[in-house]
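Basis for what follows: all heavy atoms, side chains included, without hydrogens, waters or symmetry-related copies.
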Amino acid sequence: MKKAVVIFIFISGIVFKSYSQNTKFILEGMIGGIQNETLFLYQETGENVILLDSVVTKNGEFQFTGKTDHAFAAQLGLSKNRRAKIFISPSKMNLLVHKDEFKHNFLIKKLTGSEAQNRYEDFQDKLQKNNQQKLKIANDLELPEVNSDSIKKKMLLAEYKRLNKFKKEYFHNYASSPVVSYLIFQEYFGAKCSLDDVKIYLKTLNAANPNGIYVQNLNKRVETIEQIFTRNEFPDFSSITLKGQEYNFADRKAQYYLFYIWRAWTPDKNEPNYQALDQLQTNCKENGIELISLIRNSSYNLLPVPETKKWKQWRPTIDPSHKYIEIESIDNSVDLIKYLDRQFHAFLVNREGKIIYHQNIFDTNLLISELTKFVSKP
């Protein structure tokens with residue numbers, strides 16, 4: 001069995017190596033329903049979205065050219081709210097699609113010439129058929145004549161168990177494809193698989209596709225999460241505060257640090273966090289704690305402009321009454337924010353960088369009472 005796995009990984013490595021040697025890609029095609037509009041090409045790294053290029057279409061026709069060592073998930077954007085996804089391979093590809101199909105999902109049966117897109121569509125097709133079979137079995141098991149037949153029931157349950165293994169077996173068989181590591185990344189991000197599942201997948205991914213961007217990002221994500229929640233170590237990070245000053249946690253000097261991490265939205269929904277920070281800044285000052293407000297913001301956090309049809313992005317402003325450090329992580333620009341879920345987090349950290357208290361529920365009174373258990377007034 002071990003020999004078979006080694007052979008599989010060796011063959012996968014050869015296939016992936018030859019697959020990634022052609023570093024040029026050409027993406028051309030036509031988008032129906034538009035004339036001369038700007039089309040943007042983005043790369044999804046798993047951690048963020050990077051603008052690669054833009055072109056002005058001519059009667060809907062376009063062409064992108066570029067270089068890449070590996071296939072990657074891409075976004076095509078006509079506007080901020082009109083995007084579509086495809087897998088770009090180092091090859092010549094053609095896309096025929098209508099603008100109304102730009103709905104933030106992967107385009108199916110619209111792109112030709114991309115091996116990675118073919119792999120993605122193959123997975124989705126097989127997954128759909130697999131789920132249809134599971135649904136049929138579930139329905140059959142509800143039938144009285146089946147439920148009363150122990151032999152038939154046992155056979156159906158065994159088949160259902162086999163079908164449940166489809167996804168893991170598919171991910172293992174095609175581990176060398178960037179599509180698989182991307183899918184695993186999305187599964188974890190969507191809370192459809194656990195950190196332990198990812199670690200099991202990585203045993204194969206690291207052998208079959210060690211240099212893939214999604215594999216590397218999965219490794220980084222696992223390492224950081226374990227650093228925080230298993231080893232209780234708060235990661236060193238550097239950023240720029242709202243006041244334009246550099247903040248580097250590696251240069252820590254205070255006795256304790258309280259990292260207050262919250263998600264920004266509309267001003268009325270942000271107000272409870274600002275009120276909590278006002279309470280905390282007094283308590284922290286009395287107990288020798290440096291308070292850092294880490295604001296998880298998004299470019300999609302838009303507010304209507306009064307008396308117009310326009311929207312503007314909400315951004316935090318400098319308030320002289322805030323005696324604590326404020327750092328905005330716009331679209332997860334602070335690496336630390338990338339690896340945490342979107343709920344509230346508060347970390348009390350000592351001078352050595354050890355997390356001595358963590359709270360993930362928004363309860364300011366509880367947080368203040370817990371802080372006094374760990375620190376003493378100077």
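A salt bridge does not link Arg351 to Glu290: none of the charged side-chain nitrogens sits closer than 4.0 Å to a carboxylate oxygen. Between Glu37 and Arg82 there is no salt bridge, since no side-chain N of the basic residue sits under 4.0 Å from a carboxylate O of the acidic one. At a threshold of 4.0 Å, the pair Glu159-Arg162 counts as salt-bridged, since one of the basic side-chain nitrogens sits closer than that to a carboxylate oxygen.
Thr241 contributes no side-chain N or O that, together with a main-chain N or O of Ile327, makes up a donor-acceptor pair within less than 3.5 Å. Looking only at distances, a side-chain donor or acceptor of Ser91 sits under 3.5 Å from a matching main-chain atom of Gly113. Of the possible donor and acceptor atoms, one in the side chain of Glu121 sits under 3.5 Å from a partner among the backbone N and O of Lys109. Side-chain N or O atoms of Arg119 include none that pairs as donor or acceptor with a backbone N or O of Tyr174 at under 3.5 Å. Although no hydrogens or angles enter the test, the distance criterion places a donor-acceptor pair under 3.5 Å between the side chain of Thr68 and the main chain of His70. With Gln117 contributing its side chain and Phe87 its backbone, the two residues share a donor-acceptor pair below 3.5 Å. When atom types are taken as modelled, the side chain of Ser194 and the backbone of Asp197 share a donor-acceptor pair closer than 3.5 angstrom. Side chain of Asn48 to main chain of Asp331: no donor-acceptor pair is present (N/O by atom type, distance under 3.5 Å, no hydrogens or angles). Judged by distance alone, with hydrogens and angles left aside, the side-chain atoms of Glu187 form no donor-acceptor pair with the main-chain N or O of Cys193 at under 3.5 Å. Panel note: side chain Asn139, backbone Leu135; a donor-acceptor pair is recorded below 3.5 Å.
Grouping the Ile, Leu, Val, Met, Phe, Trp and Tyr side chains by contacts below 4.5 angstrom, directly or via other members, places Leu277 with Phe362. Under a hydrophobic-cluster definition in which Ile, Leu, Val, Met, Phe, Trp and Tyr are linked whenever side-chain heavy atoms come within less than 4.5 Å, directly or via other members, Leu143 and Leu156 are assigned to the same cluster. At a threshold of 4.5 Å between side-chain heavy atoms, the hydrophobic network of Ile, Leu, Val, Met, Phe, Trp and Tyr places Leu366 and Tyr260 in one connected group. Residues Ile213 and Leu202 fall within the same hydrophobic cluster, defined by Ile, Leu, Val, Met, Phe, Trp and Tyr side chains chained together at heavy-atom separations under 4.5 Å.
Closest approach of Leu258 and Ile289 over heavy atoms only: N-CG2, 3.6 Å. Looking at every heavy atom in both residues, Thr38 comes nearest to Ser54 through CG2-CB, 4.1 Å.
Here the side chains of Tyr160 and Lys134 are in contact, with some heavy-atom distance below 4.5 Å.
The side chain to side chain contact (heavy atoms under 4.5 Å, CB included) search around Asn283 returns Asn287, Ile368, Leu371, Thr372, not counting sequence neighbours. With sequence neighbours left out, Asn232 forms a side chain to side chain contact (heavy atoms under 4.5 Å, CB included) with Ile355. Residues satisfying the side chain to side chain contact (heavy atoms under 4.5 Å, CB included) test with Ala264, not counting sequence neighbours, are Trp262, Asn270, Ile295, Asn297, Asn301, Trp314. For Ser238, the side chain to side chain contact (heavy atoms under 4.5 Å, CB included) partners at least two apart in sequence or on another chain are Asn248.
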Pair Lys323-Lys285, side-chain contact (heavy atoms from CB on, under 4.5 Å): steps then yes or no: CA-CA 9 Å; Lys323 304 302 181 182; Lys285 184 177 180 180; over 6 Å; no
Audit row: Ile228, Leu340, side-chain contact (heavy atoms from CB on, under 4.5 Å) steps and yes/no: CA-CA 10 Å; Ile228 295 172; Leu340 297 174; 4.3 Å; yes
Chi angles and distances behind the side-chain contact (heavy atoms from CB on, under 4.5 Å) call for Lys153, Leu141: CA-CA 7 Å; Lys153 184 177 179 180; Leu141 287 170; 3.9 Å; yes
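In this structure, Arg221 forms no cation-pi arrangement with Tyr188, as its terminal cationic atom is not both closer than 6.0 Å to the ring centre and no more than 45° off the ring axis.
Remark: Lys152 NZ is loosely packed, at most 12 non-hydrogen atoms of other residues, nucleotides or ligands lying under 6.0 Å away. Atom CD1 of Ile361 is surrounded by more than 12 heavy atoms from other residues, nucleotides or ligands within 6.0 Å. The 12-atom threshold is not exceeded at CZ of Phe189, counting heavy atoms of other residues, nucleotides or ligands nearer than 6.0 Å. At most 12 non-hydrogen atoms from other residues, nucleotides or ligands lie less than 6.0 angstrom from NZ of Lys220.
Within the structure, every pair that satisfies the side-chain hydrogen bond (donor to acceptor under 3.5 Å, both in side chains) test and touches residues 353-370, not counting sequence neighbours, is listed here: His345-His358, Tyr357-Gln359, Glu370-Lys373. Sorted by first and then second residue, the pairs that involve residues 198-219 and meet ring-ring contact (aromatic ring centres under 6.0 Å, His included), not counting sequence neighbours, are Phe171-Tyr201, Tyr182-Tyr214.
Checking Ile88, Ile86, Ile26 one by one against Met93, the side-chain contact (heavy atoms from CB on, under 4.5 Å) holds for a single residue, Ile88.
Remark: the Tyr42 side chain and the Arg83 side chain contain an N/O donor-acceptor pair separated by less than 3.5 Å. Checked by atom type, the side-chain pair Asn219/Asn206 shows a donor-acceptor distance below 3.5 Å. In the model, Asp341 has a side-chain atom that pairs as donor or acceptor with a side-chain atom of Gln343 under 3.5 Å.
Ring geometry for Phe259 versus Tyr257: interplanar angle under 30°, hence parallel rather than tilted (30 to 60°). The aromatic rings of Tyr247 and Phe249 sit parallel, their planes meeting at an angle under 30°, below the 60° perpendicular limit.
Separation of the Tyr170 and Phe166 ring centroids falls under the 6.0 Å cut-off.
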